[in-house]
Amino acid sequence: MSESVVWAQYLMDDEIRMRPPEESDAELASRWQEQQLPMTAERALASLKETETVPWGDASLIRLIAGTRADGDIVGGVRIDRHDHWVEALAITPSRDLTLEKQQDIAVRMLQIVVPWLVQEVGVSSILMRIPADHEHLTGSAGQLGFQRGATFRQHVFRATGFVDLHLYQLLNPE
């Protein structure tokens with residue numbers, strides 16, 4: 001990571017903070033990339049160069065990198081696919097390098113940081129998020145933030161133990 005990294009001071013809690021991605025983040029794509037399979041550094045860099053062309057606050061695709069406040073170590077990422085005032089897909093990806101318990105904690109922290117920012121600062125009117133049924137940590141946090149489950153895709157996500165349902169959650173901005 002370059003020395004010029006600028007963290008968004010309004011996107012943080014007591015443990016993590018967030019920022020837009022930089023080209024140097026391609027080397028650690030497995031820590032923030034939302035894809036199921038790890039991505040090579042070359043592919044990650046090509047993807048960043050292709051998608052990060054508009055200032056990240058105005059883009060239809062917004063990526064955020066989550067790092068620890070202590071040392072900036074990358075612990076996850078967020079992908080926000082936006083169309084005007086609607087977030088069509090919010091993807092929370094904790095680093096695969098973390099323990100399962102820590103991944104769950106980081107995922108909840110990222111959700112609790114990003115959602116208020118999207119609603120209060122960016123002013124989106126609706127946020128859609130897909131959460132596998134076996135991610136109780138995220139479904140509970142989503143519910144606390146005001147998300148409501150709107151649909152279920154039965155047996156949609158493959159796991160080593162079989163298939164689990166995928167739930168579609170939506171948050172409507174009361175403003």
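For the single chain, residues carry numbers from 1 onward in sequence order.
Distance check: Asp73 CG to Asp97 CG gives 8.5 Å after rounding to the nearest 0.5 Å. Taken from CZ in Arg63 to CZ in Arg79, the straight-line distance is 5.0 Å, to the nearest 0.5 Å. The distance from the CD1 atom of Ile106 to the CG atom of Leu98 is 6.5 Å, given to the nearest 0.5 Å. Rounded to the nearest 0.5 angstrom, Ile74 CD1 and Asp71 CG are separated by 10.5 Å. Rounding to the nearest 0.5 angstrom, the gap separating the CG atom in Leu11 from the CD1 atom in Ile65 is 12.5 Å. To the nearest 0.5 angstrom, Arg17 atom CZ is 5.0 Å from Trp7 atom CH2.
Pairs of residues two or more places apart, or lying in two chains, that qualify as ring-ring contact (aromatic ring centres under 6.0 Å, His included) and include a residue from residues 126-148 are His135-His137. Contacts classified as ring-ring contact (aromatic ring centres under 6.0 Å, His included) and involving residues 156-175 (residues at least two apart or in different chains) are given here: Phe153-His156, Phe158-Phe163. Here salt bridge (charged side-chain N to carboxylate O under 4.0 Å, His left out) pairs that include residues 105-117, with residues two or more places apart or in two chains, are Asp13-Arg109, Asp14-Arg109, Glu15-Arg109, Lys102-Asp105, Asp105-Arg109.
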Original post:
Can you list the steps and then say if Asp165 with Gln155 is a side-chain contact (heavy atoms from CB on, under 4.5 Å)?
Top reply: CA-CA 4 Å; Asp165 293 346; Gln155 305 294 304; 3.5 Å; yes
**OP:** Starting from the C-alpha separation in whole Å, work towards a yes-or-no answer on side-chain contact (heavy atoms from CB on, under 4.5 Å) for Asp134 and Arg159.
**Re:** CA-CA 10 Å; Asp134 58 351; Arg159 300 285 193 240; 2.7 Å; yes
**OP:** Decide yes or no on side-chain contact (heavy atoms from CB on, under 4.5 Å) for Leu61 and Ile80, but give the supporting numbers first.
**Re:** CA-CA 6 Å; Leu61 169 63; Ile80 303 160; over 6 Å; no
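Annotation: side chain of Leu171 is not in contact with side chain of Leu145 (no heavy-atom distance under 4.5 Å). For the pair Leu166/Thr152, no side-chain contact is recorded, criterion being any heavy-atom separation below 4.5 Å from C-beta on. In this structure, the side chains of Val78 and Thr93 stay at 4.5 Å or more apart for every pair of heavy atoms. The shortest side-chain heavy-atom distance between Arg82 and Glu88 does not fall under the 4.5 Å cut-off. For the pair Met18/Met12, no side-chain contact is recorded, criterion being any heavy-atom separation below 4.5 Å from C-beta on.
A pairwise comparison of heavy atoms in Met110 and Gly76 identifies SD-C, 4.0 Å as the closest pair. When all heavy atoms of Leu111 and Ala142 are compared, the closest pair comes out as CD2-N, 3.9 Å. Smallest separation of non-hydrogen atoms from Ser141 and Val108: OG-CG1, 3.6 Å. What you find for Ile16 and Ala66 is that their closest heavy atoms are CD1-CB, 4.4 Å.
With sequence neighbours excluded, the residues that form a side-chain contact (heavy atoms from CB on, under 4.5 Å) with Glu101 are Thr99.
Summarising the hydrophobic clusters (Ile, Leu, Val, Met, Phe, Trp, Tyr; side-chain heavy atoms under 4.5 Å, direct or chained), the residues clustered with Leu172 are none.
Cluster annotation: Leu168 is not connected to Leu90 through the hydrophobic network of ILVMFWY side chains, with a link wherever side-chain heavy atoms come within less than 4.5 Å.
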Considering only distance and modelled atom types, tabulate donor-acceptor pairs under 3.5 Å from the side chains of residues 124-131, sequence neighbours left out.
| from | atom 1 | to | atom 2 | distance (Å) |
| --- | --- | --- | --- | --- |
| Ser125 | OG | His85 | O | 3.1 |
| Ser125 | OG | Trp86 | NE1 | 3.4 |
| Ser126 | OG | Gln170 | NE2 | 2.8 |

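Open room surrounds CD on Gln148; 12 or fewer heavy atoms of other groups in view lie less than 6.0 Å from it.
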